[in-house]
Amino acid sequence: MNDEVRQWLRAARRIVLLSGAGMSAESGVPTFRDAQTGLWADFRPEDLATEEGFRADPRLVWDWYQSRREGVARVQPNAGHLAIAAFQQRHPGRLLVVTQNVDGLHQRAGSPGVLALHGNLAEDKWLEPPRPCCDPARLAQGRPPRCPACGNLRRPAVVWFGEMLPKAELAAAEDAARGCDLMLVVGTSGVVYPAAGLARATGGRVVVINPEPSALDDAADAVLRGTAALLLPELLEE
Ligand code: APR
């Protein structure tokens with residue numbers, strides 16, 4: 001199976017790599033839905049990853065994201081992230097990374113032009129549309145920080161459940177999915193749309209890389225049971 005996929009890789013002119021939380025698991029970043037270890041095993045997504053949850057308890061949600069930020073700052077891209085970036089360096093413009101991850105590890109590994117569909121954990125934005133008084137350089141400190149004049153809160157610049165994905169990134173990802181020869185779907189349970197829909201809308205062959213069954217296995221031309229940090233270096237090395 002791996003050899004066949006390697007042949008597809010060699011022949012592919014345009015490759016899209018769609019990644020999820022499993023891509024960063026071997027870096028030490030918890031996934032969301034893995035039974036015992038996933039974040040949603042201990043926390044309720046509606047409390048922590050919705051605007052309603054944030055409005056109900058801004059400090060709880062802010063602190064949770066701060067702890068995730070500190071966690072991500074302590075880890076490094078793994079061999080899978082590095083193999084992708086190295087492939088992109090050897091073959092400029094041939095592979096595009098589209099990620100659901102907000103951890104920035106693809107970007108830290110050196111991947112250019114990553115389309116981050118669910119935002120960026122390291123950035124903040126205003127909860128309400130900013131007023132003339134809302135200046136991110138002049139914040140009243142707190143958890144979360146706020147505008148000293150109108151009280152507008154800062155919130156993590158990630159996409160919460162029920163929110164729209166960033167338009168430009170999603171449009172670019174849909175274009176790339178339609179036009180690619182091969183899509184590698186790495187480390188995602190494939191249950192969150194519209195991201196998972198890219199693997200169903202693509203014109204290219206689909207290869208799923210996941211140690212466990214995923215909701216996108218039925219859309220795949222090949223399923224490789226293994227981890228990102230072990231399989232990607234093997235598949236992408238020259
Ligand atoms: N290598 C590859 N895949 C792995 C690894 C690994 N080392 N470890 C776990 N996996 C797989 C799991 O089997 C699972 O299928 O990664 C997948 C992780 O799935 P989820 O936790 O559901 O994460 P993801 O698919 O990225 O979630 C999508 O949901 O909670 C929201 O916004 C959040 O972006 C996230 C979205």
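Atoms within each ligand, like the ligands themselves, are counted from 1 in listed order. All values below were derived from every heavy atom in this structure, side-chain atoms included, with hydrogens, water molecules and symmetry-related copies excluded. All figures in this text were calculated on a predicted structure; none of them were measured in a lab.
Here the side chains of Ser19 and Thr188 are not in contact, with every heavy-atom distance at 4.5 Å or above. The side-chain heavy atoms of Arg155 and Lys125, taken from C-beta on, include a pair separated by under 4.5 Å. Put simply, the side chain of Val29 reaches to within 4.5 Å of the side chain of Leu105, judged on heavy atoms. Side-chain contact between His81 and Ser24: present, with at least one pair of heavy atoms (C-beta onward) separated by less than 4.5 Å. The shortest distance between side-chain heavy atoms of Leu139 and Arg154 falls below 4.5 Å. Taking 4.5 Å as the limit, some side-chain heavy atom of Met23 sits within range of a side-chain heavy atom of Leu232. Using a 4.5 Å cut-off on side-chain heavy atoms (C-beta onward), Val61 and Trp160 make contact. At least one side-chain heavy atom of Arg131 sits less than 4.5 Å from a side-chain heavy atom of Cys150.
Residue contact check: Glu212 has heavy atoms under 4.0 Å from atoms 13 (O) of ligand 1. Ligand 1 places these atoms under 4.0 Å from at least one heavy atom of Thr31: 21 (O). Near Ala25, the atoms of ligand 1 lying under 4.0 angstrom from a non-hydrogen atom of the residue are 7 (N), 8 (N). When each atom of ligand 1 is checked for a heavy atom of Glu26 under 4.0 Å away, the hits are 1 (N), 6 (C), 7 (N). Each of the atoms 30 (O), 31 (C) of ligand 1 lies under 4.0 Å from some heavy atom of Phe161. Under a 4.0 Å criterion applied to the non-hydrogen atoms of Gly20, ligand 1 contributes the atoms 26 (O). Proximity to Thr227 (heavy-atom distance under 4.0 Å) selects the following atoms of ligand 1: 1 (N), 6 (C), 7 (N).
Using a 3.5 Å distance cut-off with no hydrogens or angles, the side chains of Thr227 and Glu26 do pair a donor with an acceptor. Looking at Gln66 and Asp63, their side chains never bring a donor and an acceptor atom within 3.5 Å of each other.
Protein heavy atom closest to atom 11 (C) of ligand 1, with residue, atom name and distance, is Asn210 OD1, 3.4 Å. Of the protein's heavy atoms, Trp40 NE1, 3.0 Å lies nearest to atom 30 (O) of ligand 1. Among all protein heavy atoms, the one lying closest to atom 28 (C) of ligand 1 is Gln100 OE1, 3.3 Å. Scanning the protein for heavy atoms near atom 26 (O) of ligand 1, the closest one is Ala21 N, 2.8 Å. Looking from atom 10 (N) of ligand 1 to the surrounding protein, the closest heavy atom is Gly22 CA, 3.6 Å. In terms of protein heavy-atom proximity, atom 31 (C) of ligand 1 is nearest to Arg33 NH2, 3.5 Å. In terms of protein heavy atoms, atom 9 (C) of ligand 1 is closest to Asp34 OD2, 3.4 Å. Closest protein heavy atom to atom 19 (O) of ligand 1: Ser189 N, 3.3 Å.
Taking a 4.0 Å cut-off on heavy atoms, Ser214 fails to register as neighbouring ligand 1.
Checked by distance only, ligand 1 and Ala228 come closer than 3.5 Å through their nitrogen or oxygen atoms. Not a single N or O atom of Val192, backbone or side chain, sits closer than 3.5 Å to an N or O atom of ligand 1. Residue His118 has at least one N or O atom closer than 3.5 Å to an N or O atom of ligand 1. In terms of polar-atom proximity, Phe32 is counted as a contact of ligand 1, with an N or O under 3.5 Å from an N or O of the ligand. Looking at Gly187 next to ligand 1, an N or O pair under 3.5 Å apart turns up.
Grouping the Ile, Leu, Val, Met, Phe, Trp and Tyr side chains by contacts below 4.5 angstrom, directly or via other members, places Leu60 with Leu121. Hydrophobic cluster membership is shared by Tyr65 and Leu153, with clusters built from Ile, Leu, Val, Met, Phe, Trp and Tyr side chains linked at under 4.5 angstrom.
Between the choices Asp217, Val159, Thr188, Val185, the shortest heavy-atom distance to atom 25 (O) of ligand 1 belongs to Thr188.
Considering all non-hydrogen atoms of both residues, Leu117 and Val159 come closest at O-CG2, 3.6 Å.
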